[in-house]
Protein chains: 2
Amino acid sequence: MRISQLSAASGVPIPTIKYYLREGLLPAGEQTSATRAEYGARHVRRLRLIRALLEVGRLPIAAIRKVLAAVDDETLSMHHVLGTAHYAIAPEIEPHPDDEAWHAARGEADRLIADLGWQVDAQAPTRDELAQVILTLDRLGLPATGEALRPYAEKAMELVAEHEIGVIPLDRTREEAVEALVVGTVVHGRALDVLRRLAQESASARIFGISGTSGD
Amino acid sequence: MRISQLSAASGVPIPTIKYYLREGLLPAGEQTSATRAEYGARHVRRLRLIRALLEVGRLPIAAIRKVLAAVDDETLSMHHVLGTAHYAIAPEIEPHPDDEAWHAARGEADRLIADLGWQVDAQAPTRDELAQVILTLDRLGLPATGEALRPYAEKAMELVAEHEIGVIPLDRTREEAVEALVVGTVVHGRALDVLRRLAQESASARIFGISGTSGD
DNA sequence: ATTATTGGATAGTACAACTAGCCAATGCCT
DNA sequence: AGGCATTGGCTAGTTGTACTATCCAATAAT
């Protein structure tokens, strides 16, 4: 399969494929001569994965590169790959050196995680993300203590996370399992968000009613 | 309050405040002379809201402008504001004129929504988002039919959405209620995503074990 | 032999979200 | 009343991201 065919098979334009090759997202094809390389089904698959992480997961190219590097590193366990993916997904949160409100929020986050009995790495950037959300809700005057978020976490998220991990096909190759894990993390997040908004619209229609003070 | 004090109170740099004023995100202060304007608590509040939507909700400036316009439009009902927010949140999905796979995915999405008995506008862009997620999962060979997503929707999201709508303070001013609605939509989405990833890490630690084939 | 395609490299584009600089008018302080 | 600092409004520049376009010489296909 040459580059033009890879482009046709994946729907990704040739210049973009070249860009992904340059950026190290896509492994080089097998060189058959100085000016020709052969691509295979694995490249099509990898392109699909890249596009999924990019378009549905909204990950930046740099994050995708890190995730794919973890996927390809056979020495990493499933749990480590997940950790790498989580690390890559987490947006940079600029440090708040000695911001008291920040530390309070971070403490609240840690307390919630501990109370739920969740086993989360002490260095996980996700803890900071949670602190940021708590801090933001707090600043806006909305309930944001651990207790307010707890029903979300307990009733809904444990169920979902359990299901997601359980759905990984462990009986196939490592690559397949690991890809499913990464996609599950990123794309299922999106799926859940979309479903939440749909449920929200439905609940809003029922509770507030469709009719408004006026139409738009 | 002058612009420098607004900047100090909100933590947003003056040039950025000027930028938001230009972009129509922040209403102009009350002009007290040709070269002086007075800002108030409402501006501080609005800046906090903007930063929340931007940093936590990751909405682009253009989307924030639309959301805020809906918040400020007193003729819109709660349900309409929510709809506007959902519309602004939804990323542009380029149309797939006569892509068969796309239509199948969209049909699957509509079927799922109907089966759940959810009351969702037929034109809601969220329907397309759901279709895109289904299509992506499908292309990657992961279970993505309505049935696969159904437990997510049923057991988890209805609960969450119900809770979110219920938490809106309807006994206060319209502005407060509407802001809570918008923030709830955007920031709670983030909160949930973060909690899901934390639960996932915990589930992964329990199921796969911390130990890997190797360290990182 | 000729025409088209490929890989590799470099440079340019488009958009988003700021950030910087300038200027004349004014406010505030003494 | 005089003078320095601040303000609002303007225009332009910067940074970062994800591409997109163009060239070029070396092949491969016909």
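We use all heavy atoms of the structure for the numbers below, so side chains are in, but hydrogens, waters and symmetry mates are not. Only a predicted model underlies this, so the values are computations on that prediction, with no experimental measurement involved. By convention in this document, chain letters (A, B, ...) are assigned in the order of the sequence lines, proteins followed by strands, and residues within each chain are numbered from 1.
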Return the value, rounded to whole Å, for the distance between atom CD1 of B:Ile3 and atom P of C:dA25.
-> 20 Å

If you look at every strand shown and take non-hydrogen atoms under 4.0 Å, does A:Gln31 touch a base, only sugar-phosphate, or nothing?
-> sugar-phosphate

Side-chain contact, heavy-atom cut-off 4.5 Å: B:Pro91 with A:Arg58?
-> yes

Hey, does A:Asp73 have a side-chain heavy atom less than 4.5 Å from the side chain of A:Thr84?
-> no

Side chain of B:Tyr19 - closest among D:dC19, C:dG7, C:dC18 | C:dC18

Take the protein atom CZ of A:Arg58 and the nucleotide atom C1' of D:dA18, then report the distance between them rounded to whole Å.
-> 14 Å

Protein-nucleotide distance (B:Ile17, atom CD1; C:dA17, atom P), rounded to Å = 17 Å

Which part of the nucleic acid does B:Pro60 contact within heavy-atom distance under 4.0 Å: base, sugar-phosphate only, or nothing?
-> sugar-phosphate

How would you list all residue pairs meeting side-chain hydrogen bond (donor to acceptor under 3.5 Å, both in side chains) that involve residues 178-201 of chain B, not counting sequence neighbours?
-> A:His86-B:Gln200, A:Glu129-B:Arg190, A:Glu129-B:Arg197, A:Tyr152-B:His188, A:Glu164-B:Arg196, A:Glu164-B:Gln200, A:Thr185-B:Gln200, A:Gln200-B:Thr185, B:Arg45-B:Glu179, B:Asp193-B:Arg196, B:Asp193-B:Arg197

Would you say B:Thr16 reaches C:dT19's phosphate, i.e. side-chain N/O to OP1/OP2 under 4.0 Å?
-> yes

Taken to the nearest whole Å, CZ/A:Arg65 to P/D:dG16 is 15 Å

Given atom CG of B:Leu59 and atom C1' of C:dC18, what is their separation to the nearest angstrom?
-> 17 Å

Considering only heavy side-chain atoms of A:Ser33, the closest of D:dT27, C:dG27, D:dT20 is D:dT27

Nearest of C:dT19, C:dT6, D:dT7 to any side-chain atom of B:Pro13?
-> C:dT19

Remember a base hit wins even if backbone is also touched, and classify B:Leu21 as base, sugar-phosphate or nothing at under 4.0 Å, heavy atoms.
-> nothing

Out of D:dT20, C:dC18, D:dT7, whichever nucleotide has its closest atom nearest the side chain of B:Thr35 | D:dT7

Determine the contact category for A:Ile14: base if any of its heavy atoms lies under 4.0 Å from a base atom, sugar-phosphate if only primed atoms, P, OP1 or OP2 are that close, otherwise nothing.
-> nothing

Separation of D:dT17 P from A:Arg22 CZ (nearest whole Å) = 16 Å

Is there a donor-acceptor pair under 3.5 Å between the side chain of A:His103 and the backbone N or O of A:Glu100?
-> no

B:Tyr20 OH - D:dG9 P separation (whole Å) = 18 Å

Residue met sooner reading DNA chain D from 5', once A:Thr32 and B:Ala28 are mapped to nucleotides = B:Ala28

Picking from C:dT19, C:dT26, D:dC19, the nucleotide nearest the side-chain atoms of A:Leu54 would be D:dC19

Just checking, any donor-acceptor pair under 3.5 angstrom between side chains of B:Tyr39 and B:Arg46?
-> no

Just how far, in rounded Å, is C1' of C:dG8 from NZ of A:Lys18?
-> 7 Å

